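Single-structure report; data block below.
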Amino acid sequence: MDELLKQSDVVSLNLPLNDKTKGSFGKKQFDMMKEGAALVNTARGAIVDEEALIEALESGKVSLSLTMIDVAQVLILLVGHCWSRRFPK
C-alpha cells in the first residue's frame, strides 16, 4: 500500500467501514501520497480523517478530493463551493 500511495496520481478508496477501517486513511497516508495527487472516496466517509484531508488540500499535497455525498460524515463540496477557491491549484 505504501508504494502505491507514493506512485499513484489518483488514490481510490473502496472498502467497507468497520472497526479496523474507521479513520484508517489519515495524515500518514496523505504524507506518503505524491504531491498534487487526487483522492476519490467511494467508501464510507469515516474511513478518511477529515482534518488530515483538509490539511492535505490546504497544503496542495492533494489537489482534488472527490467524495460521494452519501459517504461524507460532514458534507464537503469542493467543486462550485466557496471552499474550491480556498485551496491552491
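Computed from a predicted model, the values in this text were never measured in an experiment.
The structure places NZ of K27 at 9.5 Å from NZ of K61, a figure rounded to the nearest 0.5 Å. We find the OG-CG distance between S12 and L4 to be 12.0 Å, quoted to the nearest 0.5 Å. With rounding to the nearest 0.5 Å, the separation of CG in L17 from CD1 in I47 is 5.5 Å. Within the model, atoms CG of L15 and CZ of F25 stand 10.0 Å from one another, a figure rounded to the nearest 0.5 Å.
No donor-acceptor pair closer than 3.5 Å links the side chain of E58 to the backbone N or O of E55.
Of all heavy-atom pairs spanning S8 and A37, the tightest one is O-CB, 3.8 Å. Closest approach of G36 and S63 over heavy atoms only: O-OG, 2.7 Å. Heavy-atom minimum distance, F30 versus D49: CE1-O, 4.3 Å.
Applying the side chain to side chain contact (heavy atoms under 4.5 Å, CB included) criterion to N18, with sequence neighbours excluded, gives P16, K20, T21. Taking the side chain to side chain contact (heavy atoms under 4.5 Å, CB included) definition, one finds that D9 meets it with K34, sequence neighbours left out. In this view, K28 and M32 satisfy the side chain to side chain contact (heavy atoms under 4.5 Å, CB included) rule, not counting sequence neighbours.
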Chi angles and distances behind the side chain to side chain contact (heavy atoms under 4.5 Å, CB included) call for L13, V40: CA-CA 6 Å; L13 302 179; V40 177; over 6 Å; no

